[in-house]
Participant: 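There's a structure below that I have some questions on.
Counting starts at 1 for both ligands and their atoms, in listed order.
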Amino acid sequence: MQAAAQEGKRVNLTMNTPAAILWEQGRLRLLDQRQLPGKVEYLPIEDIAAAVQAIASLAVRGAPAIGIAAAYALAAAAQRSAAAGRRRSAETALQAVLQRDGDALIAARPTAVNLRWAVERLRRRGAAEPTAAALVDEAEAIHREDAAACRAIGEHGRGCIKAGDNVLTHCNAGALAVSELGTATAPLYLNHQAGVPFHVYVDETRPLFQGARLTAWELARAGIGLTLICDSAAASLMAAGKIDLVIVGADRIAANGDVVNKIGTLSLAVLAAHFQVPFYVACPSSTLDWSAASGAEVPIEERAEQEVRQEHAALVPAFNPAFDVTPAALVTAVITERGLAKPPLAESLKRLHDASGELSRH
Ligand code: MRU
């Protein structure tokens with residue numbers, strides 16, 4: 001009974017997906033997504049090295065989730081530093097944590113801008129209010145705002161899906177990658193709750209299978225009808241008229257609207273343009289990087305060759321870029337918590353941004 005109650009606390013009850021990030025009594029625990037769907041296990045994060053390792057190894061992954069995890073990890077480091085009460089002044093120690101540990105977290109993965117965004121937000125708060133309690137408050141605010149952004153994305157995006165549609169998605173931009181409803185999955189979850197019938201084709205997403213291991217698991221637990229496909233099956237499905245729209249997430253969107261997302265997203269966007277299938281990108285405004293003029297300026301993470309070879313290939317050279325850049329011209333709309341940005345994206349994203357009255361401060 002007690003175990004069930006505890007599990008209930010950990011579970012995002014709306015979607016039945018375990019929370020990716022737990023912050024309880026000042027302690028951070030991360031759902032180890034490398035073990036899904038086989039095992040639901042939480043990693044205790046006791047120091048910055050453990051947080052960096054969890055982010056770099058994809059124990060926690062997905063652009064918004066790594067930002068939230070980094071924010072809590074920094075806040076916890078500040079709490080430990082305050083408790084240690086060294087010779088140096090508490091404020092100097094806190095600024096050192098924000099610089100040194102913040103840099104280590106930002107370096108853990110280079111592509112998703114949410115990581116840098118979250119660290120910089122804590123640094124600004126720490127400069128204005130140099131206490132561990134203020135940093136904890138800021139990290140909790142980032143987490144809360146993210147959940148609210150997902151819901152708003154779902155509300156703005158739900159009209160993109162009509163009854164009977166077949167939706168294609170790539171990688172995992174779901175609850176596991178964000179909080180609560182996810183980004184690309186938010187319109188799916190809200191429509192499903194409202195009883196709108198639709199079907200989802202889930203790309204397996206080589207080489208790390210975020211689609212097969214995570215999205216398929218998440219959607220199935222929510223009772224959404226889905227079919228898992230090899231990434232290479234998308235073209236023939238579109239050619240057969242079996243896909244009505246594509247929805248993906250994003251790791252970073254440049255000022256001109258270029259979308260950086262999981263490797264294979266560009267292939268889908270090119271196919272969608274060819275077969276005249278709408279191609280939507282869903283993300284919170286923390287994913288917009290106004291300092292990058294175009295996708296060409298975004299660093300693309302290259303991961304280990306062995307992730308591509310796995311056990312299927314001999315020890316031959318492999319190339320493993322984790323992300324690709326989809327030109328803005330191939331995007332039907334970007335669904336944000338502030339509304340839909342439609343082409344030309346450079347102007348419409350800027351308009352949404354200005355209208356919000358709040359700067360993402362990239
Ligand atoms: O390498 P990953 O698993 O972190 O890549 C995740 C993605 O590419 C997601 O589509 C993106 O971060 C958006 S998550 C809402």
Participant: Say whether Ala63, considering both its backbone and side-chain N or O atoms, lies within less than 3.5 Å of an N or O atom on ligand 1.
Facilitator: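 Yes, since at least one N or O of Ala63 sits under 3.5 Å from an N or O of ligand 1.
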Participant: Is it the case that the side chains of Arg213 and Asn172 hold a donor-acceptor pair, with the cut-off being a distance below 3.5 Å and no angle test?
Facilitator: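 The answer is no; no qualifying pair exists.
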Participant: Does some side-chain heavy atom of Lys162 sit less than 4.5 Å from a side-chain heavy atom of Asp244?
Facilitator: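 The answer is no, as the side chains (C-beta and beyond) never meet within the 4.5 Å cut-off.
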Participant: I'd like to know if Arg109 contacts ligand 1, where contact means a heavy-atom distance under 4.0 Å to any ligand atom.
Facilitator: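 So Arg109 counts as touching ligand 1.
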Participant: Glu140 and Arg144: salt bridge (Lys or Arg N to Asp or Glu O under 4.0 Å), yes or no, with the steps?
Facilitator: CA-CA 6 Å; Glu140 288 174 346; Arg144 244 188 348 264; 5.1 Å; no
Participant: Determine, stepwise, if the pair Thr131 / Leu94 fulfils side chain to side chain contact (heavy atoms under 4.5 Å, CB included).
Facilitator: CA-CA 7 Å; Thr131 65; Leu94 183 124; 5.6 Å; no
Participant: Could you check whether any heavy atom of Cys171 sits closer than 4.0 Å to an atom of ligand 1, since that is the contact criterion I want to use?
Facilitator: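 The answer is yes: ligand 1 sits under 4.0 Å from a heavy atom of Cys171.
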Participant: Given Leu58, Thr183, Thr265, Asn114, which has its nearest heavy atom closest to atom 15 (C) of ligand 1?
Facilitator: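 Minimum heavy-atom distance to atom 15 (C) of ligand 1 goes to Thr183.
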Participant: With a heavy-atom distance limit of 4.0 Å, tell me whether Val248 approaches ligand 1 through its side chain, its backbone, both, or neither.
Facilitator: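 Neither; no heavy atom under 4.0 Å.
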Participant: Would you say ligand 1 has an N or O under 3.5 Å from any N or O of Gln210?
Facilitator: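 So ligand 1 has an N or O lying under 3.5 Å from an N or O of Gln210.
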Participant: Just which atoms of ligand 1 are under 4.0 Å from any heavy atom in Asn261?
Facilitator: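 Contacts of ligand 1 toward Asn261, numbered from 1: 7 (C), 8 (O), 9 (C), 10 (O), 11 (C).
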Participant: Between Arg124 and Glu138, is any pair of side-chain heavy atoms under 4.5 Å apart?
Facilitator: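 A side-chain contact is absent here, since even the closest heavy-atom pair is not under 4.5 Å.
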Participant: Can Arg221 be said to sit on top of Trp217's aromatic six-ring, NZ or CZ under 6.0 Å from centre and within 45° of the ring axis?
Facilitator: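 Arg221 over Trp217 ring: yes.
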